[in-house]
Amino acid sequence: MFQRKGVFQFNNIFVDRKLEFPSTKEWLSCLGHDELIDNFLDAGFENLEYIILQTDFNEKVFNETTLAEDIGIKNRNVRKDIMSRLVNSK
């Protein structure tokens with residue numbers, strides 16, 4: 001499933017016609033951000049599918065502000081890296 005550090009290869013497996021997404025823990029490990037796993041889980045973001053859906057949701061948007069305020073990621077470059085990879089995951 002993993003190609004090289006920072007590149008996550010989604011399975012092309014469909015269960016009930018639904019794409020299987022990795023856990024947030026798997027995804028962050030692949031990106032090399034293992035230190036952020038607890039931050040995401042503590043903020044309630046356990047599933048990558050939920051995070052991706054939130055990036056387009058109007059009521060509670062998942063964006064750089066969410067990463068900074070809700071998840072506690074202070075480093076702007078890390079926030080930008082995560083957001084760019086989320087956008088490329090769609």
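A heavy-atom distance below 4.5 Å is not found between the side chains of L48 and E26. Proximity of W27 to I37: side-chain heavy atoms (C-beta onward) are nowhere separated by under 4.5 Å. Side chains of F40 and I82 form a contact here, defined as non-hydrogen atoms less than 4.5 Å apart. At a threshold of 4.5 Å between non-hydrogen side-chain atoms, the residues I71 and L36 do not count as touching.
Atoms CZ and CG, on R76 and D81 in that order, are 13.0 Å from each other to the nearest 0.5 Å. To the nearest 0.5 Å, atoms CG (D38) and NZ (K25) are separated by 9.0 Å. Note that the OG atom of S29 and the CD atom of E35 stand 9.5 Å from one another [nearest 0.5 Å]. Taking CD1 of I51 as the start and CE of M83 as the end, the distance is 10.0 Å to the nearest 0.5 Å.
Evaluation of the salt bridge (Lys or Arg N to Asp or Glu O under 4.0 Å) rule for D34 yields no partner, not counting sequence neighbours. When the salt bridge (Lys or Arg N to Asp or Glu O under 4.0 Å) test is applied to K80, the partners found at least two apart in sequence or on another chain are E64. Applying the side chain to side chain contact (heavy atoms under 4.5 Å, CB included) test to E46 and every residue at least two apart in sequence or in another chain returns L41.
Taking each heavy atom of L67 and R79 in turn, the nearest pair found is CD1-O, 3.6 Å.
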Inset, instruction - Run the numbers on F45 and F62 for ring pair (Phe, Tyr, Trp, His ring centres under 6.0 Å), then give the verdict. - result: CA-CA 10 Å; F45 296 104; F62 190 95; 5.0 Å; yes
